[in-house]
Enquirer: 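This structure is in structure tokens; I'll ask about it shortly.
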Amino acid sequence: MPKYNHQELEKKWQAAWLATELDKTEETSDKPKYYCLDMFPYPSGAGLHVGHPKGYIATDIISRYKRLNGYSVLHPMGWDAFGLPAENYALANKVHPRVATEANIATYKRQLSMIGLSYDWSREINTTDPEYYKWTQWIFAEMFKKGLVFESYEPINWCPTCLTGLANEDLDNGKCERCGSEVEKKPMRQWVIRITDYAERLLADIDQLTDWEESIKEMQRNWLGKSEGATLKFAIINSQLTVEVFTTRPDTIFGATYLVLAPEHELVAASKELISNWLEVQEYINKVKNKSDLERTDLNKDKSGVQLKGLMAINPVNQQEIPVFVADYVLAGYGTGAIMAVPAHDERDWDFAKKYNLPIKQVVESGVELGDRVMTDAGVAINSDFLDGLATPEAKTKMIEHLEKNSLGAKKINWKLKDWVFSRQRYWGEPMPLVFCQACKDRASFDNDGERLNPGWFVDANLPVRLPEVESYQPSGTGESPLANISEWVNIKCPRCGGEARRETNTMPQWAGSSWYYIAYAMRSINNDQLTMINYREVLDKWLPVDMYVGGAEHATRHLIYARFWHKFLFDIGVVNCSEPFTALRQVGLILAEDGRKMSKRWANVINPDQIIQSHGADALRVYEMFMGPFNQSVAWSTNGLTGARKFLDKVWNLSEKLSDEADSREIERLLHKTIRKIGADIESLAFNTVVSALMILVNAWTAEAKVNRVNFRQLVILLSPLAPHLAEELWQLSGADSSVFKQTWPMCNEELARDDKVNLTVQINGKLRDTLELDFDSEESVVRELIASNDKVQKWLAGQEIVKVVFVKNKLINFVLK
RNA sequence: GCCGCGAUGGCGGAACUGGUAGACGCGCUGGACUUAAAAUCCAUUUCCAUUCAACCGGAGUGAGGGUUCGAUUCCCUCUCGCGGCACCA
């Protein structure tokens with residue numbers, strides 16, 4: 001018997017599986033489908049560390065398990081290679097992003113292959129491949145035609161280091177998520193996608209996602225940030241001006257004692273003539289402008305503001321005159337950029353009113369005395385005319401009716417979600433397939449909503465619009481991408497009228513290519529050179545939705561919202577037939593370094609999987625990472641733990657040295673079948689740590705025996721094969737078969753064999769353990785009572801005591817309750 | 001501040017719909033093998049008290065309370081930790 005040589009054996013089987021196309025997706029119609037997907041990585045320059053494969057190992061186990069259970073499984077992998085990280089890396093290392101990306105992909109692929117992951121590499125995708133991004137452009141073009149894309153000049157988030165505009169989702173606490181620079185607000189021409197049109201569905205359909213982790217759903221709800229309320233208009237005395245405000249508490253309008261405008265609010269400048277302290281106001285606004293967003297929202301939330309003297313507003317429900325302020329605690333970008341302040345029932349208004357000695361008028365009563373504290377809870381309306389006596393929810397409804405009936409305001413829903421700023425002034429991204437022609441604009445004949453919305457702009461139907469080569473791909477910082485310098489690319493003959501036209505030079509953001517990539521893998525089932533996704537309907541119907549999607553929680557509010565949005569759009573235009581892309585979603589917990597910190601070059605604590613595979617083997621790495629702890633939890637790496645996993649594999653190997661045709665003991669058979677039952681259930685629920693421990697228990701039991709039954713052993717090998725595929729395949733061959741272990745069927749639990757015929761029954765007195773009895777399965781209470789009558793240990797406790805009650809649970813326990 | 005998740009030996013963790021808490025792995029300690037070490041194997045390992053030793057006893061799943069014959073598990077209050085959102089009206 002040879003020794004377990006992991007290096008030789010893993011290399012051998014990886015080559016063999018490749019040669020026999022073992023991992024290729026089975027396109028059969030007689031097996032149920034299962035689509036098991038990882039979040040594809042961006043291939044960074046550093047290569048993989050030992051934490052990255054954890055999720056990939058899990059999906060590999062599930063995929064192999066499902067195949068053994070008779071599913072045809074789609075389990076693909078690809079590369080999210082456009083975007084800032086790839087480009088910044090390329091800039092820093094003075095190579096073309098394409099060259100750097102290709103090199104990084106090669107490294108990643110080599111590392112992943114060494115782990116023995118059963119990806120169908122024939123479906124590999126790369127978001128930077130023109131054959132891929134022509135579809136990214138196609139979807140964008142369809143959105144444009146439907147009027148979901150528009151050109152805008154609003155101030156957007158601008159990263160002064162990356163020299164590009166960013167979406168809200170790209171910010172981390174007011175800083176660029178990539179480089180950590182504080183972002184600025186910069187007015188700029190840009191393309192924006194109306195994701196807010198889908199906000200209601202994105203929120204409502206979260207409830208359908210019953211197989212998603214609650215935390216991620218909650219993050220999405222937070223991010224979407226729906227709030228229901230009303231808008232209403234306040235007229236400014238002695239002028240034609242009005243101020244519109246948004247409130248979620250229309251029931252408290254009678255309690256409004258002043259208005260507050262955001263410093264950027266247009267009314268401030270518009271009413272300059274009426275304001276008597278203009279200098280003071282201007283000074284305040286300038287001071288605020290110099291504060292960053294971060295400072296404005298931080299600083300202990302200390303309120304500041306200035307009254308607009310000379311301006312008075314009229315409360316539309318009671319005609320009361322109230323003063324108007326500017327203050328930076330009101331944000332220009334949310335609601336209408338103006339609020340009515342109800343200091344009695346809003347914490348921020350309360351703070352402001354206290355600081356500037358403004359009147360506080362209570363209009364809701366809830367049992368608690370208003371006194372020194374703000375009261376934000378629901379209650380009953382008071383001092384509110386026709387609302388008096390109504391509970392808060394009814395008062396809200398009644399007030400909205402009143403506002404609408406008298407044209408004072410209307411019901412309104414606000415979202416924190418903003419439309420998606422989709423332009424990047426960078427080189428390394430998908431070109432937008434848009435063309436502008438002045439002549440066509442002047443002619444004003446439009447084919448679709450997008451053209452009507454953006455006169456002169458239309459889609460270049462000749463896809464892909466290829467990313468051209470440039471001399472310098474340094475970002476310019478001017479608001480144009482480096483593509484703007486290539487006049488022969490930018491200036492084209494108008495495809496419509498043949499006149500002078502120009503291409504859009506902004507590129508798409510990082511998230512574009514990843515918003516639909518799971519569809520691309522399924523499209524690979526057929527060849528089709530027609531440029532519409534509708535032609536793929538048949539294979540998309542077959543493979544979608546994704547049954548199991550595994551990845552990091554950091555994508556909860558970015559990728560996962562964008563992908564759900566694109567999917568719903570594709571559903572609306574008839575490309576896919578399901579309204580949600582991912583049926584089940586699971587988070588991977590991080591693997592921390594041995595010192596408990598994140599693995600990072602900075603701490604010099606990174607462990608490279610190549611070394612581990614060299615020293616302990618890919619199978620040991622796989623088993624260890626699954627055994628470390630609950631799958632979704634962060635756990636620190638432990639080299640000793642890894643050694644433990646390897647020892648377990650050695651034990652399995654050693655079992656194969658004592659194979660025999662003799663039957664195993666009844667106990668071993670029982671344990672084997674219990675293990676079969678447990679492992680199936682645990683893989684389904686991603687409880688991989690207990691899968692490993694159950695296998696260890698079985699192997700330990702067998703290790704103590706002199707012989708191991710060959711047939712039973714081969715069942716163990718199948719159970720082991722998703723976790724440790726190389727070792728399992730080798731043992732499968734050694735124990736006597738020629739076809740692959742992965743062509744077998746998953747063992748069935750024989751319930752008859754798994755059943756216990758003896759049970760340990762707990763004897764308790766007043767709920768305390770006093771003894772355990774070994775009994776036949778399903779022994780009746782009378783039998784147990786009889787045994788106990790002659791049991792000294794128990795009788796000692798019962799002697800001279802009055803038994804009040806006896807609780808008997810078959811096969812579990814008997815409990816004597818004493819007085 | 002709001003929302004979500006969590007807290008079990010020296011460490012990672014296990015425990016089905018409430019029913020023997022600490023499975024499995026690591027580490028520690030002792031022993032076998034060895035000239036020696038590594039590797040391997042065997043044994044011990046929640047804490048306290050007691051004993052030459054064994055049995056026996058008590059406490060124990062972040063803290064306090066409750067429901068129950070019985071609570072790591074269910075309910076209430078609190079503390080701490082992690083994650084998300086955050087002057088969003």
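The analysis underlying the following values was restricted to heavy atoms, covering all of them including side chains, and did not include hydrogens, waters or symmetry mates. Residue numbers begin at 1 in each chain, while the letters A, B, ... track the order of the sequences.
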Enquirer: Do K303(A) and C87(B) have a side chain to base donor-acceptor pair shorter than 3.5 Å?
Expert: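 Flag set: donor-acceptor pair detected.
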
Enquirer: Let me know, please, whether V635(A) or K796(A) comes out on the 5' side of the other along RNA chain B by nearest nucleotide.
Expert: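 Its nucleotide being nearer the 5' end, the pick is V635(A).
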
Enquirer: Are D351(A) and K355(A) close enough for a salt bridge, meaning some N to O gap below 4.0 Å?
Expert: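 Looking at D351(A) and K355(A), the cut-off is not met.
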
Enquirer: Looking for any heavy atom pair under 4.0 Å, which part of the strands does I697(A) touch: base, sugar-phosphate only, or nothing?
Expert: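 Counting heavy atoms under 4.0 Å across all strands, the contact made by I697(A) is with sugar-phosphate only.
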
Enquirer: Inspect the surroundings of CD in E781(A) and state if more than 12 heavy atoms from other residues, nucleotides or ligands are less than 6.0 Å away.
Expert: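 Counting neighbours around CD of E781(A), more than 12 heavy atoms of other residues, nucleotides or ligands fall under 6.0 Å, so yes.
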
Enquirer: Under 4.0 Å between a Lys/Arg side-chain N and an Asp/Glu carboxylate O for K758(A) and D776(A)?
Expert: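 Yes, K758(A) and D776(A) are salt-bridged.
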
Enquirer: Reckon W637(A) touches a base, only the sugar-phosphate, or nothing at all at heavy-atom distances under 4.0 Å?
Expert: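 It contacts nothing in the nucleic acid.
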
Enquirer: Contact class for K217(A) vs. all strands (heavy atom < 4.0 Å): base, sugar-phosphate, or nothing?
Expert: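 Touches nothing.
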
Enquirer: So if I take every side-chain heavy atom of N700(A) and compare against G13(B), G4(B), C24(B), which nucleotide ends up nearest?
Expert: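 Closest of the options to the side chain of N700(A): C24(B).
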
Enquirer: Select base, sugar-phosphate, or nothing to describe what G225(A) touches, counting heavy atoms under 4.0 Å on all strands.
Expert: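 Counting heavy atoms under 4.0 Å across all strands, no contact is made by G225(A).
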
Enquirer: Can you see if the side chain of S227(A) gets near the phosphate of A89(B) - specifically, an N or O under 4.0 Å from OP1 or OP2?
Expert: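 Result: yes.
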
Enquirer: Under 4.0 Å between any heavy atoms, over every strand shown, what does Q764(A) touch: base, sugar-phosphate, or nothing? Just pick one.
Expert: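 Contact class for Q764(A): base.
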
Enquirer: Using a heavy-atom cut-off of under 4.0 Å over every strand shown, decide if T772(A) touches base, sugar-phosphate, or nothing.
Expert: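 Base: the residue T772(A), judged by heavy atoms under 4.0 Å, touches a nucleobase.
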
Enquirer: If we count only N and O atoms by modelled type, under 3.5 Å, do the side chains of E169(A) and W420(A) hold a donor and an acceptor together?
Expert: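 There is no such pair between these side chains.
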
Enquirer: U20(B) P sits how many Å from K768(A) NZ, rounded?
Expert: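 Taking NZ of K768(A) and P of U20(B), I get 15 Å after rounding.
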
Enquirer: Students often get this wrong, so: under 4.0 angstrom with heavy atoms, is N760(A) touching a base, only sugar-phosphate, or nothing?
Expert: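 Here N760(A) touches the bases of the nucleic acid.
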
Enquirer: Establish whether the base of G1(B) is bridged to the side chain of E347(A) by a donor-acceptor pair shorter than 3.5 Å.
Expert: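 Flag unset: no donor-acceptor pair detected.
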
Enquirer: Without decimals, in angstroms, what is the distance between L769(A) CG and G58(B) P?
Expert: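 So the CG-P distance, L769(A) to G58(B), works out to 11 Å.
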
Enquirer: Take atom CD of Q587(A) and atom P of C5(B), then tell me their distance rounded to the nearest Å.
Expert: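 So the two atoms are 12 Å apart, to the nearest Å.
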
Enquirer: For a quick check of understanding: with a heavy-atom distance under 4.0 Å over all strands, which category does N815(A) fall into, base, sugar-phosphate or nothing?
Expert: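 Base contact.
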
Enquirer: Please classify the nucleic acid contact of T248(A) as base, sugar-phosphate, or nothing, using heavy-atom distances under 4.0 Å.
Expert: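 The residue T248(A) makes sugar-phosphate contact but no base contact.
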
Enquirer: Run the ring-centre check on W797(A) versus F816(A) and record whether the distance is less than 6.0 Å.
Expert: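 Centroid separation for W797(A) and F816(A): 6.0 Å or greater.
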
Enquirer: Let's see if you can work this out: which of C24(B), C69(B), A14(B) has an atom nearest to the side-chain heavy atoms of N689(A)?
Expert: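 Nearest listed nucleotide: A14(B).
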
Enquirer: For U77(B) versus G22(B), give the span between their C1' atoms, rounded off to a whole number of Å.
Expert: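 After rounding to an integer number of Å, I get 28 Å for this pair.
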
Enquirer: Reckon Y624(A) has a side-chain N or O less than 4.0 Å from the OP1 or OP2 of G25(B)?
Expert: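 For G25(B), neither OP1 nor OP2 has a side-chain N or O of Y624(A) closer than 4.0 Å.
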
Enquirer: Within less than 4.0 Å of OP1 or OP2 of C26(B), is there a side-chain N or O belonging to K647(A)?
Expert: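 Result: yes.
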
Enquirer: When you measure from the side-chain N and O atoms of R646(A) to the phosphate of A39(B), is any distance below 4.0 Å, counting only OP1 and OP2?
Expert: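 No, R646(A) has no side-chain N/O under 4.0 Å of OP1/OP2 on A39(B).
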
